[in-house]
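Heavy-atom basis, side chains included; hydrogens, waters and symmetry copies ignored.
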Amino acid sequence: MIDGADAVELFRFADRVQSVTLRVACDAPMVQGEESYYAAEIVLKSGFVNGAVGLHISDGDLDEWGRCLDALDAEEGVEWPPGGRSAWLSVVPDDPLEVTVHDSPSTQISVQVPVDVTTGWLEENRLRLEHVREAIARIRPDGPRR
């Protein structure tokens with residue numbers, strides 16, 4: 001589990017009954033070659049099922065999340081993070097929004113959650129992305145790659 005003191009929310013899809021969030025630990029990245037990876041977890045809460053799945057996201061994944069927000073704004077569905085290396089989610093901008101969390105390749109379990117998002121959810125998630133970038137910049141002298 002991600003420690004709350006160092007975690008920043010990258011996204012939140014929520015209504016009064018259920019939510020899907022992703023929290024990123026913006027401290028001590030794991031570095032592989034030129035890429036830094038940050039521990040993260042997708043947390044799903046509902047009256048039916050609650051769960052969390054861990055993953056690692058890179059600076060490139062943050063860039064891709066920004067493009068996903070643009071696609072959702074254009075009412076296009078998205079899958080993120082790309083590459084099939086870990087857990088991922090798909091988001092379909094229907095009414096209600098459909099968020100599916102996939103735990104692949106680990107358990108191969110998927111959970112679909114319909115979320116009646118409130119007005120302004122897209123702008124709030126853009127702000128969350130910027131907060132994650134700012135948190136990473138504080139721990140990395142060169143900041144996140146863009």
Side-chain angles (χ1 to χ4, degrees), residues 1-15 17-73 76-93 96-118 120-146:
M1 291 295 164
I2 301 292
D3 182 336
D6 297 318
V8 180
E9 271 188 2
L10 177 60
F11 62 72
R12 172 178 287 277
F13 302 105
D15 59 27
V17 179
Q18 49 216 8
S19 66
V20 178
T21 60
L22 184 131
R23 295 169 17 113
V24 181
C26 296
D27 62 343
M30 176 179 63
V31 179
Q32 291 184 343
E34 296 288 316
E35 195 73 75
S36 296
Y37 290 88
Y38 302 88
E41 68 181 351
I42 299 172
V43 178
L44 183 150
K45 293 182 180 178
S46 78
F48 176 67
V49 65
N50 295 306
V53 61
L55 66 155
H56 285 84
I57 61 170
S58 68
D59 295 328
D61 292 333
L62 294 176
D63 295 339
E64 182 60 29
W65 182 243
R67 289 186 284 278
C68 287
L69 291 172
D70 292 341
L72 289 168
D73 192 24
E76 299 171 7
V78 301
E79 293 182 351
W80 182 88
R85 67 181 187 270
S86 65
W88 57 283
L89 73 142
S90 56
V91 183
V92 178
L97 193 78
E98 292 178 7
V99 182
T100 305
V101 178
H102 305 267
D103 182 21
S104 312
S106 181
T107 65
Q108 299 183 22
I109 294 172
S110 297
V111 178
Q112 183 179 46
V113 181
V115 182
D116 189 19
V117 291
T118 59
W121 68 271
L122 191 61
E123 294 79 16
E124 290 171 6
N125 281 305
R126 288 187 196 281
L127 288 172
R128 285 184 176 90
L129 173 58
E130 288 310 310
H131 289 151
V132 169
R133 290 187 189 280
E134 290 167 3
I136 289 170
R138 283 192 297 272
I139 64 151
R140 286 184 53 194
D142 61 339
R145 190 191 60 167
R146 283 199 170 198

Give a yes or no on whether the backbone of [Y] and the side-chain of [X] come within a donor-acceptor separation of less than 3.5 Å.
{"X": "Q18", "Y": "V115", "result": "no"}
{"X": "W121", "Y": "A14", "result": "no"}
{"X": "D61", "Y": "P82", "result": "no"}

Please report the closest heavy-atom contact between [X] and [Y], naming both atoms and the distance.
{"X": "A87", "Y": "L55", "result": "O-CD1, 3.7 Å"}
{"X": "L97", "Y": "V117", "result": "CD2-CG1, 3.8 Å"}
{"X": "V49", "Y": "L44", "result": "O-CD2, 3.3 Å"}
{"X": "Y37", "Y": "S58", "result": "CE2-CB, 3.6 Å"}

Q) Just checking, any donor-acceptor pair under 3.5 angstrom between side chains of H56 and S86? A) no
Q: Test L10 against L62 for side-chain contact (heavy atoms from CB on, under 4.5 Å), laying out the working first.
A: CA-CA 9 Å; L10 177 60; L62 294 176; 3.9 Å; yes
Q: Before giving the answer on side-chain contact (heavy atoms from CB on, under 4.5 Å), spell out for L69 and W80 the whole-Å C-alpha distance, their side-chain angles and the decisive distance to 0.1 Å.
A: CA-CA 11 Å; L69 291 172; W80 182 88; over 6 Å; no
Gap between atom [atom2] of [Y] and atom [atom1] of [X] - 0.5 Å precision:
{"X": "W88", "Y": "D103", "atom1": "CH2", "atom2": "CG", "result": "11.5 Å"}
{"X": "E35", "Y": "D59", "atom1": "CD", "atom2": "CG", "result": "5.5 Å"}
{"X": "T21", "Y": "F11", "atom1": "OG1", "atom2": "CZ", "result": "7.0 Å"}
{"X": "H102", "Y": "T100", "atom1": "NE2", "atom2": "OG1", "result": "5.0 Å"}
{"X": "R23", "Y": "R128", "atom1": "CZ", "atom2": "CZ", "result": "12.5 Å"}
{"X": "S90", "Y": "Q112", "atom1": "OG", "atom2": "CD", "result": "7.5 Å"}

Validation row: [X], [Y] side chains within 4.5 angstrom (heavy atoms):
{"X": "F13", "Y": "L89", "value": "yes"}
{"X": "V101", "Y": "V113", "value": "no"}
{"X": "C68", "Y": "V91", "value": "no"}

Q: Can you sort out the partners of R67 under side chain to side chain contact (heavy atoms under 4.5 Å, CB included), two or more places apart, ordered by chain and number?
A: D63, E64
Q. When you check the gap from the basic side-chain N to the acidic O, do R126 and D70 get nearer than 4.0 Å?
A. yes
